[in-house]
> 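Before anything else, here's the structure in question.
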Amino acid sequence: MPDYTFYDNVYDVVRLIPKGRVTSYGAIAAYLGSKQSSRIVGYAMMACGTANPPVPAHRVVNRQGLLTGKFHFGGDTMEQMLANEGITVIDNQVQNFKALYWDPAIELSL
DNA sequence: CAAGTGACTCCGG
DNA sequence: CCCGGAGCCACTT
């Protein structure tokens, strides 16, 4: 029963994130039309474990490229997953974040 | 029905 | 430059 909510919309966008790229909560929220709902995006990520198929929440970071929710993954799982995609993470900070940044409002708008 | 929570973000001191 | 507080929306209890 597809009772589509903000969560489902967020999951859909996150799943569209290309491998080896990252985006921010605010960018997703802005793409959905409510950049002020950035918190809701993060909230959705927390519940992403209930989504099917699971969303690559490890590709979603905060505005600074900092892995704020890496603890929710369980230890450094988030870093390992990002590293597996070729993304370098140091001290919870995505290196070259600006270049790896993937903005749905732009990439999906093309 | 009302209150609480949160993986964010911005603004001020 | 670094630290703290308030605002915001959707979902849960």
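Source: prediction; values computed, not measured. To find a chain, count down the sequence lines: A is the first, B the second, and so on, and within it residues start at 1.
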> Between A:Val61 and A:Tyr101, is there a side-chain heavy-atom distance shorter than 4.5 Å?
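Heavy-atom side-chain distance check fails, nothing below 4.5 Å.
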> With distance as the sole criterion, do the side chain of A:Arg63 and the base of B:dC8 form a donor-acceptor contact below 3.5 Å?
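When only heavy-atom distances are counted, A:Arg63 does not reach the base of B:dC8 through any donor-acceptor pair under 3.5 Å.
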> A:Phe6 has an atom CZ; how far is it from atom P of C:dC9, in whole Å?
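Answer to the nearest Å: 11 Å.
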> Closest approach to the side chain of A:Cys48, judged atom by atom: which nucleotide of B:dT9, B:dA7, C:dC11 is it?
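Between B:dT9, B:dA7, C:dC11, the one nearest the side chain of A:Cys48 would be B:dA7.
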> Which part of the nucleic acid, if any, lies within reach of A:Thr68 when heavy atoms closer than 4.0 Å are counted: base, sugar-phosphate only, or nothing?
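Sugar-phosphate only.
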> Is it true that A:Arg59 and A:Glu85 make a salt bridge, defined as a side-chain N closer than 4.0 Å to a carboxylate O?
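A salt bridge links A:Arg59 with A:Glu85.
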> Would you indicate what A:Ser37 reaches in the nucleic acid, counting non-hydrogen atoms under 4.0 angstrom: base, sugar-phosphate, or nothing?
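Sugar-phosphate only.
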> Search all heavy atoms of A:Leu100 against all heavy atoms of A:Gly20 and return the closest pair with its distance.
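What the structure gives for the nearest pair is CD2-O, 3.5 Å.
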> Tell me if the side-chain of A:Tyr43 makes a donor-acceptor pair with the base of B:dA7, cut-off 3.5 Å, by modelled atom types.
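Under the 3.5 Å cut-off, the side chain and the base do not form any donor-acceptor pair.
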> Give A:Phe71 one of three labels, base, sugar-phosphate or nothing, depending on what nucleic acid heavy atoms sit under 4.0 Å from its own.
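It contacts nothing in the nucleic acid.
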> Under 4.0 Å, heavy atoms only, any strand: does A:Ala57 hit a base, just the sugar-phosphate, or nothing?
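Answer is base: heavy atoms of A:Ala57 come under 4.0 Å of a base.
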> Nearest of B:dC8, C:dC11, B:dA7 to any side-chain atom of A:Thr5?
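Shortest atom-to-atom distance from the side chain points to C:dC11.
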> Check A:Asn92 against A:Leu66 and note the closest heavy-atom contact, atom names and distance.
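Of all heavy-atom pairs spanning A:Asn92 and A:Leu66, the closest is O-CD1, 2.9 Å.
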